[in-house]
Participant: 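Can you keep this structure in mind? I'll have questions shortly.
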Amino acid sequence: MNNKGYKFRGMPLVGAAVREIILELYAGKDAVSQKQIREDVPDYHLENGGKPPEAKLENMISFAVQRLRDKKCAEKVAKGYWRFFPDDPKPSVTEMIGDGSGWVYVYYFPTHRQNAVSKGKSSWECKIGQTDGDPHQRIKDQIGKSPESFPEEPEIPLLIKTDSPKEVEKVIHGILTALGKYKKKAPGNEWYITSPDEVKNLFEKNFGK
């Protein structure tokens with residue numbers, strides 16, 4: 001199966017690619033065995049210009065199937081057999097505040113939050129950006145440019161509607177940077193050690209509810 005638009009071309013097989021291939025091959029179809037998945041997924045990846053995996057394939061597939069199950073995109077129908085369902089292209093948004101035509105968005109990866117909570121911390125790596133267009137598409141485009149850096153789908157806990165997204169973003173970035181919360185080593189810019197609640201409080205304090 002030749003997919004000319006395959007975004008993992010030239011890359012080793014990674015978890016994000018495994019999940020996408022599984023849905024591409026099996027979503028909405030009959031149940032498939034995990035053995036068949038182990039055979040089909042690397043074949044699809046290599047046929048479309050990908051490179052062999054650098055991690056253990058069986059572990060990657062098991063983790064990918066579990067992630068899809070958590071997202072309600074997979075169900076176990078018998079021992080060793082799974083059925084898959086199309087993914088919702090838009091991650092769910094926990095809270096939306098403000099009013100206006102533009103957006104400031106916050107997203108993070110579940111593993112980062114889980115690691116922080118397990119250590120008793122209330123802040124973790126969060127991306128804070130802005131756009132005049134669809135924030136879901138903006139986030140999807142960002143992750144698509146560097147899928148090897150993003151091992152799982154993001155959660156979007158907060159969207160802020162505003163007519164001045166650049167100004168709001170600049171103020172929030174400035175305050176967090178002054179507090180020493182800017183994360184230098186991150187897969188891109190605009191990452192901070194913060195939380196959705198802190199970002200919400202900064203917006204309400206500086207721009208009103």
Side-chain angles (χ1 to χ4, degrees), residues 1-29 31-76 79-91 107-119 121 124-127 129 136-156 182-193:
M1 184 182 298
N2 195 324
N3 182 352
K4 294 182 180 180
Y6 186 56
K7 69 181 182 183
F8 298 97
R9 184 181 300 275
M11 293 171 42
L13 184 62
V14 294
V18 172
R19 294 194 297 273
E20 289 201 14
I21 293 170
I22 287 174
L23 293 182
E24 173 71 21
L25 294 177
Y26 313 120
K29 299 180 181 179
V32 61
S33 70
Q34 196 150 329
K35 179 178 181 294
Q36 189 67 49
I37 296 171
R38 288 197 299 268
E39 295 174 359
D40 291 345
V41 167
D43 285 350
Y44 181 98
H45 181 70
L46 295 173
E47 288 172 3
N48 287 284
K51 296 180 180 180
E54 296 178 350
K56 190 174 181 180
L57 177 62
E58 187 171 352
N59 291 344
M60 278 200 298
I61 289 178
S62 294
F63 183 75
V65 170
Q66 186 58 54
R67 286 283 296 139
L68 291 171
R69 187 180 192 179
D70 292 343
K71 294 178 64 179
K72 311 300 183 185
C73 292
E75 68 172 1
K76 191 173 186 178
K79 185 176 181 180
Y81 282 81
W82 294 85
R83 182 176 289 112
F84 298 95
F85 311 98
D87 191 13
D88 180 355
K90 294 186 177 182
Y107 69 83
Y108 60 78
F109 295 99
T111 297
H112 291 161
R113 179 181 180 277
Q114 291 166 7
N115 288 341
V117 171
S118 69
K119 297 175 183 177
K121 298 180 180 180
W124 55 89
E125 298 93 328
C126 294
K127 168 81 172 184
H136 293 94
Q137 186 61 49
R138 176 65 173 163
I139 294 168
K140 183 177 181 181
D141 290 344
Q142 288 175 348
I143 295 172
K145 290 179 181 178
S146 185
E148 70 278 6
S149 299
F150 305 116
E152 56 188 339
E153 296 298 319
E155 292 187 4
I156 307 176
Y182 177 69
K183 185 172 177 58
K184 294 181 179 180
K185 294 183 179 181
N189 299 319
E190 303 174 335
W191 286 86
Y192 297 84
I193 303 300

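What's counted below: heavy atoms across the whole structure, side chains too, no hydrogens, waters or symmetry copies.
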Participant: Got a second to check how far Q66's CD is from K76's NZ, nearest 0.5 Å?
Facilitator: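 The NZ atom of K76 is 9.5 Å from CD of Q66, to the nearest 0.5 Å.
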Participant: Has K127 got a side-chain atom pairing as donor or acceptor with N189's backbone, closer than 3.5 angstrom?
Facilitator: yes
Participant: Ignoring hydrogens, what is the shortest heavy-atom contact between G15 and M60? Give both atom names and the distance.
Facilitator: N-SD, 4.0 Å
Participant: Any side-chain to backbone donor/acceptor pair from H45 onto K51? Under 3.5 Å, distance only.
Facilitator: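 Yes, the answer is positive, given that a donor and an acceptor are paired below the 3.5 Å cut-off.
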Participant: What distance do L68 atom CG and F84 atom CZ have between them, rounded to the nearest 0.5 Å?
Facilitator: 6.5 Å
Participant: Mind checking the CD-CD spacing from Q142 to Q137? Nearest 0.5 Å is all I need.
Facilitator: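 The CD atom of Q142 sits 11.0 Å away from the CD atom of Q137.
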Participant: Indicate the atoms forming the closest heavy-atom contact of L25 with Y44, along with that distance.
Facilitator: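 Nearest pair, atom of L25 first, then Y44: CD2-CD1, 3.7 Å.
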Participant: Kindly state whether the ring of Y107 and the ring of W191 have centres lying under 6.0 angstrom apart.
Facilitator: yes
Participant: For P42 and I37, work out which heavy atoms get closest and say how close.
Facilitator: CD-O, 4.1 Å
Participant: Would the number of heavy atoms belonging to other residues, nucleotides or ligands and lying under 6.0 Å from CD of E54 be above 12?
Facilitator: no
Participant: Taking S62 for its side chain and N59 for its backbone only, find out whether a donor-acceptor pair lies under 3.5 Å.
Facilitator: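 The answer is no, because no donor-acceptor pair under 3.5 Å joins these two groups.
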Participant: Show your working on side-chain contact (heavy atoms from CB on, under 4.5 Å) between N48 and I21 and close with a plain yes or no.
Facilitator: CA-CA 11 Å; N48 287 284; I21 293 170; over 6 Å; no
Participant: If we count only N and O atoms by modelled type, under 3.5 Å, do the side chains of Y108 and E155 hold a donor and an acceptor together?
Facilitator: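 Yes - a donor-acceptor pair under 3.5 Å links their side chains.
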Participant: A side-chain contact here means heavy atoms from C-beta on lying under 4.5 Å apart; do N115 and W124 qualify?
Facilitator: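 No. Closest side-chain heavy atoms not under 4.5 Å.
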Participant: For F85 and K72, work out which heavy atoms get closest and say how close.
Facilitator: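 It is CD1-O, 4.0 Å.
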Participant: Between atom CD of Q34 and atom CD1 of I61, what is the distance when rounded to the nearest 0.5 Å?
Facilitator: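 Going from the CD atom of Q34 to the CD1 atom of I61 covers 7.0 Å.
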Participant: So, taking the atom named NZ in K35 and the one named CG in D40, what distance separates them when rounded to the nearest 0.5 Å?
Facilitator: 10.0 Å
Participant: To check you understand the geometry: which heavy-atom pair defines the closest contact between P86 and A27, and what is its length?
Facilitator: N-CB, 3.8 Å
Participant: To the nearest 0.5 Å, what is the distance between NZ (K185) and CD (E125)?
Facilitator: 13.0 Å
Participant: If every non-hydrogen atom of V65 is compared with every non-hydrogen atom of A74, which pair is closest and at what distance?
Facilitator: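 So the two residues come closest at O-CB, 4.3 Å.
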